[in-house]
Amino acid sequence: MHSSQNEQDSRFYGKFALIPILEPSNQQEAYDMMKVAFEMSEKLQEPVLLRVVTRLAHSRAAVEVGAQGDENAFNPSTGRGWVLLPGIAKKQYAALLEKQPLMLEAAENSPYNRNEKSGTKLGVVACGIGYNYVKEAIANFKIDGINLLKISQYPLPESKILDLAAECEEILVVEDGQPVVETDVKTIVGDKATVIGRLTGQLPRTGELDPDSVSKALGYETQSPLGTAKNLAGRPPQLCQGCGHRDVYTALKEVAAEYEGARIFGDIGCYTLGALPPFQALASCVDMGASITMAKGAADAGLFPSIAVIGDSTFTHSGMTGLLDAVNDNSNITVIISDNLTTAMTGGQDSAGTNKFEAICLGLGVSPDHVKVVTPTPPNIPEIKRIIKEEIEYNGVSVIIPRRECMQTLMRHRKQAKKQ
Amino acid sequence: MKKDLILCGVGGQGILSIATIIGEAATKAGLHLKQAEVHGMSQRGGDVQSNLRLSTDEIYSDLISKGGADVIISMEPMESLRYLPYLGKDGWIVTSSKPFVNIPNYPDNEALQAELKALPHVSQLDIDAIAKKVANPKAANMVLLGMAAPYIEIVSVEQLREAIRTVFARKGDAIVESNLKAFDAGVAHK
Ligand SMILES: Cc1ncc(C[n+]2csc(CCOP(=O)(O)OP(=O)(O)O)c2C)c(N)n1
Ligand code: SF4
């Protein structure tokens, strides 16, 4: 979850594409499965999906590494398999369907899909990291009588699930993300067993699983002996002190306040924090590049002023096409490319368009009189406000580029320079 | 033996170096270890937290259960209270006593202190002042680690000292020494 629009489960894509999925339950499996996935992919000549959930992506543990294999021979395809004209694609689909029994067989025999049984009071299907939470609860509360089926390889091993249903009246499905397996297990077992999980309320329908929710679903509640604190306030993230995005928002908010109905469409990066206090400036943040396309749509529908704020890296990722569209339609928008010379939010990597933004905008057809570069610092705010206002008043596409390096990369660069 | 630690504070205060040092000591001691942390945005003044689990046996969950933590190690007093639901009944809070106020609705400090003092096991110290006195302001997190060291148990104070030497080695002897001084000042506080 964390920063997606909602909880999106990649296992749907695996099913949709009819390919195997591996879902590690811990760091060691994540490491081992990468090798397994490549081997499986070579053998089947199909992609294999490795599903990593939030918690696994944001945690670490020591892993035993194996010997590195040799690089595959360079072997460019000579057939027509990559020419996906309808005649060829149809045959490929039939071939893919033929491989399905192989994939199912592999999952039925996979060491990653295995039973651990201490009884038959409750059947538990634990997918990926869900297995860890079940094991944690079993150890914590010394739970007995569970017939646990660990699932880490798909397609679902149907016979293993039917075996579970033959022994247990009730099956709890523990999976992170959406109730993908819960739905499938229901279909597989029919009326042979009752299936419970996220859909039936034993586990919460939203949010990441944790040891508390999984213990509860198994009938054991974790407690907070010292309670919850009273003297507590939320501490949301903020733009760094001295960040240029701050000066951009200060100027922009003041100008926008002069127009009734002004909307500022945001995008993805550090500057998305402009949606939170103290600025609360943004009307939207949807996906990379949407600031420009949404501003364009809004302007075309009659909104004025319609302003987009986008980062330099996001602009080269997927803002340029929207800007071209706006130029072609002469939409009345003001685009602010807040250029901090880096991809700050993801850790300060280089940004693909550095030093090229004016040329890119001119190349896409923005009028040279309406591509303006400013330096976002507190003393420059009056000038930036004046320019924003002028460009809002211009009926057409304008681009303002406030440019000043991110404070974090600036400090890093200074440290490096000192060392040399 | 098993120890579950919650490290917390405000983004930029240096909790991740504390995690690195405990992690180094635990790995050297041959313990199982899992560390889970909140991602991104951590440089930007928001609350940050990391679950660190150390054990002689296999560890399953990456996350600590409610009531499961042995020690909350916090760079900031209010942040230490945020994770109270996770603290076990005999657990310790080891925290800096100095509020970091970057929000308009920060609680009244007297009320906050009263709540902390009402808890059974709390160790507090103005780690910034101590770090400034014995080493340098940047070593405040090492003062905190020193304060927490006796409660971590599963790795000894000496093993943590060794880990500080290893982790800071490439920054030179002077940095190693000042971090050790800060750490020892924390250990001395009881
Ligand atoms: C499709 C997609 N790919 C990758 C990401 C991860 N991501 C988050 S912010 C960001 C780029 C931010 O850089 P920039 O626009 O320059 O803004 P800054 O953080 O520097 O202010 C990326 C790549 C994403 N959110 N969506
Ligand atoms: S990391 Fe850089 S761009 Fe992001 S808020 Fe801090 S100074 Fe601004």
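In the text below, chain A, chain B and the rest are named by the order of the sequence lines, each starting its count at 1.
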Options B:Ile59, B:Ile64, B:Leu87, B:Asn51, ranked by heavy-atom pairs under 4.5 Å with chain A, top entry: B:Leu87
Heavy-atom pair count under 4.5 Å with chain A, highest-scoring of B:Thr27, B:Leu119, B:Ile103: B:Ile103
Top residue by heavy-atom pair count (under 4.5 Å) with chain B, among A:Gly234, A:Ser25, A:Ser215, A:Pro278? A:Gly234
Should we count CD of A:Glu64 as having more than 12 external heavy atoms under 6.0 Å? no
OG/B:Ser65 to CZ/A:Phe141 distance, rounded to the nearest 0.5 angstrom? 7.0 Å
Between A:Asp210, A:Thr228, A:Asn132, who has the most heavy-atom pairs with chain B when the cutoff is under 4.5 Å? A:Asn132
Can you tell which of A:Gln241, A:Glu221, A:Gln223 has the highest number of heavy-atom pairs within less than 4.5 Å of chain B? A:Gln223
With a 6.0 Å cut-off (strictly less than), is the heavy-atom count around NZ of B:Lys132, excluding the residue itself, greater than 12? no
Answer with side chain, backbone, both or neither: which region of B:Leu116 has an atom nearer than 4.5 Å to a non-hydrogen atom of chain A? neither
Closest heavy-atom pair and its distance - B:Gly67, A:Pro225: CA-CD, 3.8 Å
Is it true that a side-chain atom of A:Gln238 and a backbone atom of B:Asn102 form a donor plus acceptor pair closer than 3.5 Å? yes
Atom group of A:Leu276 that falls short of 4.5 Å from chain B, counting heavy atoms: neither
Mark yes when over 12 heavy atoms from residues, nucleotides or ligands other than B:Asp126 sit less than 6.0 Å from its CG; otherwise mark no. yes
Non-hydrogen side-chain atoms of B:Pro120 and A:Leu226 separated by less than 4.5 Å: yes
Most contact-rich option vs chain A, by heavy-atom pairs under 4.5 angstrom, among B:Lys34, B:Gln35, B:Lys89, is B:Gln35
Check the surroundings of atom NZ in A:Lys230: do more than 12 heavy atoms from other residues, nucleotides or ligands lie under 6.0 Å from it? no
Heavy atoms only, distances under 4.5 angstrom: which of B:Ala111, B:Gly88, B:Gly91, B:Gly23 has the most pairs with chain A? Name it, please. B:Ala111
Derivation and outcome, salt bridge (charged side-chain N to carboxylate O under 4.0 Å, His left out), residues B:Glu37 and A:Arg60: CA-CA 9 Å; B:Glu37 62 203 42; A:Arg60 45 185 127 175; 3.3 Å; yes
Give me the contact list for residues 70-84 of chain B versus chain A, heavy atoms only, anything under 4.5 Å, ordered by residue number. B:Glu76, B:Met78, B:Glu79, B:Leu81, B:Arg82, B:Leu84
Under a 4.5 Å heavy-atom cutoff, which of B:Pro104, B:Pro107, B:Gly68, B:Ser61 has the most pairs with chain A? B:Ser61
Is there side-chain contact between A:Asn231 and B:Tyr106, with heavy atoms separated by less than 4.5 Å? no
So which atom in B:Tyr60 and which in A:Glu136 form the shortest heavy-atom distance, rounded to 0.1 Å? CB-OE1, 3.7 Å
Most contact-rich option vs chain A, by heavy-atom pairs under 4.5 angstrom, among B:Asp108, B:Asp62, B:Asn105, is B:Asp62
Using a cut-off of 6.0 Å, state whether more than 12 heavy atoms not belonging to B:Lys3 lie near its atom NZ. yes
With a sphere of 6.0 Å drawn around CD of A:Gln416, does it hold more than 12 non-hydrogen atoms of other residues, nucleotides or ligands? yes
Are the side chain of A:Ser59 and the backbone N or O of B:Ala36 linked by a donor-acceptor pair below 3.5 Å? no
